[in-house]
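Everything below concerns the one structure shown next.
Computed over heavy atoms, backbone and side chain alike; hydrogens, waters and symmetry mates excluded.
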Amino acid sequence: MSQSLSLNRKTGHRSANFVVLLCFVTIVADGYDLIVYGSTVPAILAFKEWAITPAQAGVIGSVALMGMLIGALTVGAVTDIWGRRKIMLVCIAWFSISMIITSLAPNAEVFAMMRFVAGLGLGGVVPTAIALTVEYSPKNRRQFNNALMYSGYFVGGILTALLALALLPATDFRVMYAIGAFPLVAVLPVAWRHLPESIVFLTAKSRQEEARVLTEQYGIAPRDIEPTPLPKSEKAVPDRLAGIRTLFHARYLAGTMLFAAASFCGLLLVYGLNTWLPNIMKTAGYGLGSSLSFLLVLNCGAIIGTVVVSKVADKVGVKPVAIAGFIAATGSVFALSANLPAAWLFAAVAVAGLGTGSQILVNGFVATYYPDTSRATALGWSLGVGRIGAILGPAIGGAVAASTLGYQWSFYVFSGFALLGALFIAFVPRRPAEIDSPLLHTHP
């Protein structure tokens with residue numbers, strides 16, 4: 001064993017799993033910084049100095065996601081120009097510093113503005129992390145590794161709930177935002193030293209020697225990183241817009257539109273529930289501790305469920321599993337509107353968590369549907385348009401909370417969007433490469 005370790009040091013071999021781990025830790029921070037708002041909504045509503053109404057709280061919850069929309073749409077395109085590594089490092093520094101300033105906000109207006117600024121950096125992290133994870137994973141583990149990595153978002157939610165349970169009863173809600181700056185000192189230095197550049201990006205930039213070294217160091221099979229052939233009309237487009245042109249080529253257009261629509265529904269469900277579930281349950285008569293416990297269970301269900309079903313997706317294909325996840329979310333979220341016994345209520349929340357994790361499967365589907373050279377652009381488009389749903393999720397929850405309708409109507413609306421997500425994924429056509437060459441078929 002010692003000889004093997006010595007050989008690895010001499011040859012410079014590195015584990016591709018470490019890339020997945022770095023992306024996972026970054027997504028944990030991303031998840032914390034987003035879900036932290038949901039855990040602090042009851043405290044912010046009770047903060048008399050700001051006198052925020054539920055409707056205004058919903059708008060503030062959407063502001064960070066507006067920033068993410070701009071960040072995802074912008075970064076999804078520029079990563080194919082500037083490289084995944086550089087964008088990832090900039091985004092980590094950006095959202096960490098923004099969280100420090102957010103914790104010092106003197107009023108609600110500055111607080112909302114800094115949530116928007118933080119969202120710009122948070123929006124760039126997700127498509128970049130997914131692209132790197134998929135690229136550095138073996139083809140037979142891409143869905144599983146992507147789900148494992150992106151489950152970091154829900155780990156961030158669990159950390160948020162645990163810290164809120166421990167800190168909010170005795171401290172100001174600002175402390176929760178100050179903690180969000182932790183990646184600046186704990187994650188950024190490690191990523192700066194160890195995060196590799198995209199091999200596909202290096203190859204596309206004619207930096208073959210750097211790409212070859214990384215391929216050898218990480219034990220990546222060349223066939224796993226060879227770009228998927230582009231449509232003939234795209235081969236003649238060497239400009240920087242080639243990735244975007246591919247998305248809207250006739251062969252990919254239907255998938256591009258349907259993925260965006262499914263992401264709209266998936267992200268509306270994720271951010272709507274994570275923002276308003278604690279306050280909805282508090283309105284239903286549960287104490288602050290119990291209402292935060294529901295947030296904890298929601299994210300635990302998301303982690304366990306999506307990691308397990310993603311393993312199934314690697315074997316049978318991601319499409320049917322993503323549809324099943326959305327359908328599970330439809331039933332469980334609707335069930336939350338009923339007066340269930342506590343045990344059944346927590347079980348329904350856990351299944352709802354699995355359903356919110358359907359967005360992870362949609363991301364994995366997108367990452368393997370398009371040519372490798374367009375992967376980050378496709379993810380940026382899907383997640384960017386999907387952020388419109390994320391923006392509406394908290395706003396819808398706030399509107400229902402401010403209305404005379406019962407809290408049950410929040411669950412009715414969220415379950416309806418989960419059902420739409422299942423329908424959109426069901427209509428996604430087969431990959432063009434599979435249609436052209438059935439003998440080369442692999443599950444998306």
Side-chain angles (χ1 to χ4, degrees), residues 31-32 35-36 38-43 147 151-169 266 268-312 321-361 393-394 396-397 400-401 405-419 421-422:
Y32 177 90
I35 298 175
V36 68
S39 71
T40 58
V41 163
S151 68
Y153 174 86
F154 301 108
V155 173
I158 290 173
L159 288 176
T160 299
L162 291 174
L163 286 170
L165 284 167
L167 298 177
L168 284 182
L268 186 150
L269 189 65
V270 170
Y271 292 105
L273 284 177
N274 273 294
T275 299
W276 284 104
L277 185 62
N279 197 70
I280 291 172
M281 302 315 292
K282 190 169 183 290
T283 302
Y286 294 88
L288 177 61
S290 296
S291 63
L292 288 170
S293 296
F294 285 109
L295 185 63
L296 180 65
V297 172
L298 179 76
N299 287 283
C300 284
I303 292 174
I304 297 171
T306 53
V307 169
V308 171
V309 298
S310 66
K311 196 69 175 175
V312 178
V321 180
I323 294 171
F326 273 119
I327 291 175
T330 302
S332 58
V333 172
F334 188 86
L336 293 177
S337 64
N339 187 21
L340 298 173
W344 285 102
L345 191 60
F346 276 104
V349 170
V351 176
L354 184 156
T356 62
S358 298
Q359 183 58 41
I360 294 177
L361 297 172
I396 288 171
V400 174
L405 298 173
Y407 70 89
Q408 297 92 339
W409 275 91
S410 293
F411 296 128
Y412 298 156
V413 173
F414 291 142
S415 65
F417 279 104
L419 180 59

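Side chains of Ile396 and Phe417 form a contact here, defined as non-hydrogen atoms less than 4.5 Å apart. You'll find the side chain of Val270 reaches within 4.5 Å of the side chain of Tyr153, heavy atoms only. Put simply, the side chain of Phe414 reaches to within 4.5 Å of the side chain of Leu268, judged on heavy atoms.
The aromatic ring centres of Phe346 and Phe294 sit less than 6.0 Å apart.
Checked against ring-ring contact (aromatic ring centres under 6.0 Å, His included), Trp344 has no partners two or more places apart in sequence or in another chain. Every side-chain hydrogen bond (donor to acceptor under 3.5 Å, both in side chains) that Thr40 has, sequence neighbours left out, goes to Tyr177.
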Step-by-step side-chain contact (heavy atoms from CB on, under 4.5 Å) determination, Thr160 to Asn299: CA-CA 10 Å; Thr160 299; Asn299 287 283; over 6 Å; no
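In this structure, Ser293 OG and Leu165 CG are separated by 5.0 Å, a value rounded to the nearest 0.5 Å. For the atom pair CG of Leu159 and OH of Tyr32, the computed distance is 8.5 Å after rounding to the nearest 0.5 Å. Taking CZ of Phe334 as the start and CG of Leu336 as the end, the distance is 10.5 Å to the nearest 0.5 Å.
Of all heavy-atom pairs between Ile327 and Ala422, the closest is CG1-CB, 3.9 Å. Nearest approach of Pro394 to Tyr271, heavy atoms of both residues: CG-O, 4.0 Å. In terms of heavy-atom proximity, Ala418 sits nearest to Leu269 at CB-CD2, 4.0 Å. Nearest heavy atoms, Ile303 versus Ser151: CG1-O, 3.8 Å.
In this structure a side-chain-to-backbone donor-acceptor pair under 3.5 Å is present from Thr330 to Phe326. Judged purely by atom type and a 3.5 angstrom limit, Ser415 uses its side chain to pair as donor or acceptor with the backbone of Tyr412. Side chain of Ser332 to backbone of Ala352: a donor-acceptor contact under 3.5 angstrom is found.
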